[in-house]
Amino acid sequence: MTDDDWPRTEAEALAVQDALRPRLLVGPGPQRPATVAGLDVAYHEDGERLAAAIVVLDTTDHRVVDTAVVQGRPAFPYVPGLFAFREIPALLAALDRLTVRPDVLICDGHGLAHPRRFGLACHLGVLTGRPSFGVGKTPLVGSWAPPGERRGDRSDLVDDGETVGAVLRTRDAVKPVFVSVGHRMDLDTACALTLGLTPRYRLPETTRAADRACRDGLLGKDVTVPRR
DNA sequence: GCGACAG
DNA sequence: ATCTTGTCGC
């Protein structure tokens with residue numbers, strides 16, 4: 001799918017989700033991925049410009065392995081449930097600029113925890129073929145019981161009778177995050193990776209690194225790609 | 001009909 | 001997402 005046939009209406013976007021959903025693979029995720037990538041997008045106040053960033057970290061020590069930032073324009077209006085269409089073109093452009101293939105993509109948003117089970121993490125996973133999952137700060141669908149107060153405590157995120165994700169406490173007594181599977185991933189692995197990436201803060205180091213990178217990118221700052 | 005609604 | 005001040009706490 002190119003720029004020209006990118007959906008322009010909600011009906012077209014819904015049709016794309018329907019067409020791609022059969023290609024989603026839900027299964028065991030990589031148990032020891034060497035690298036994990038954080039993806040995020042920042043918007044200019046004029047609503048016309050954005051910067052997408054992907055930061056690849058070493059899973060073990062969280063060192064930055066690679067960074068890519070691109071500027072662009074929102075490709076779709078913001079519509080809950082169709083959020084992916086807004087950011088995917090810019091995120092794919094950033095992915096093209098990476099010099100390494102991250103083992104897992106960690107999205108700022110949801111995967112299966114979506115009204116049609118095809119959130120950003122699923123969509124990006126299918127388009128790239130990479131294992132993926134989403135870590136959202138707020139819920140989009142589903143209900144849940146409050147998880148325990150300790151880091152690592154979790155409860156099921158249930159929508160329409162099915163478990164679509166986990167409400168995971170990444171820090172003691174701090175508001176939990178919403179983890180859901182994207183592509184070639186299972187919920188336990190997604191939660192384990194998320195906990196491994198939150199030794200200090202509520203949000204994964206991947207998300208934090210990508211957030212900083214795209215904000216800098218919005219300001220036109222130079223993005224230094226680490227030498228290898 | 002009335003809210004809710006990833007970023 | 002982004003706009004925003006102070007404020008509580010380590």
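Numbered from 1 within each chain, the chains take letters A, B, ... in sequence-line order.
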Tell me the interatomic distance from Ile106(A), atom CD1, to dA6(B), atom P, rounded to whole angstroms.
21 Å
Are OP1 or OP2 of dG7(B) and a side-chain N or O of Thr138(A) less than 4.0 angstrom apart?
yes
Return the value, rounded to whole Å, for the distance between atom CZ of Arg49(A) and atom C1' of dA1(C).
15 Å
Output yes when at least one side-chain N/O atom of Lys137(A) is less than 4.0 Å from OP1 or OP2 of dA6(B), else no.
no
Give one of base, sugar-phosphate or nothing for Gly134(A), where a contact means two heavy atoms less than 4.0 Å apart.
nothing
Nearest whole Å is fine: how far is dA6(B) C1' from Leu124(A) CG?
14 Å
Look at the side-chain N and O atoms of Arg215(A) and state whether any lies under 4.0 Å from the OP1 or OP2 oxygen of dT2(C).
yes
In this structure, is the centre-to-centre distance between the rings of Phe85(A) and His123(A) below 6.0 Å?
yes
Considering every strand and a 4.0 Å limit on heavy-atom distances, what is the contact class for His44(A): base, sugar-phosphate, or nothing?
nothing
For Leu120(A) and dA1(C), what is the distance between atoms CG and C1' respectively, to the nearest whole Å?
14 Å
Would you mind classifying the nucleic acid contact of Pro115(A) as base, sugar-phosphate or nothing, using non-hydrogen atoms under 4.0 angstrom?
nothing
Please classify the nucleic acid contact of Leu50(A) as base, sugar-phosphate, or nothing, using heavy-atom distances under 4.0 Å.
nothing
Tell me whether Trp144(A) shares a hydrophobic cluster with Val135(A), the cluster being built from Ile, Leu, Val, Met, Phe, Trp, Tyr side chains joined at under 4.5 Å.
no
Counting the atoms with a prime plus P, OP1 and OP2 as sugar-phosphate, which does Leu39(A) contact under 4.0 Å by heavy atoms, base, sugar-phosphate, or nothing?
nothing
Measure the distance from CH2 on Trp144(A) to P on dA6(B) and round it to the nearest whole Å.
11 Å
Going hydrophobic residue to hydrophobic residue with side-chain gaps under 4.5 angstrom, can you get from Phe118(A) over to Leu82(A)?
yes
Would a distance-only check, ignoring hydrogens and angles, find a side-chain to backbone donor-acceptor pair under 3.5 Å from Arg184(A) to Gly27(A)?
no
For Phe83(A), report the nucleic acid contact type (base, sugar-phosphate, nothing); a contact means any heavy atom under 4.0 Å.
base
Could you tell me how far apart Arg86(A) (CZ) and dT2(C) (P) are, to the nearest whole angstrom?
11 Å
Which is true for Ala113(A) with a 4.0 Å heavy-atom rule: it touches a base, it touches only sugar-phosphate, or it touches nothing?
nothing
Between C1' on dG7(B) and CG on Asp108(A), what's the gap in Å once rounded to a whole number?
7 Å
Between dC3(C), dA6(B), dG7(B), which one does the side chain of Asp40(A) approach most closely?
dG7(B)
Quickly work out the Asp46(A) CG to dA1(C) C1' distance and round it to whole Å.
12 Å
Tyr78(A) ring over dG7(B) six-membered base ring, under 5.5 Å and 30°:
yes
Please determine whether the number of non-hydrogen atoms from other residues, nucleotides or ligands lying under 6.0 Å from atom CZ of Arg8(A) exceeds 12.
no
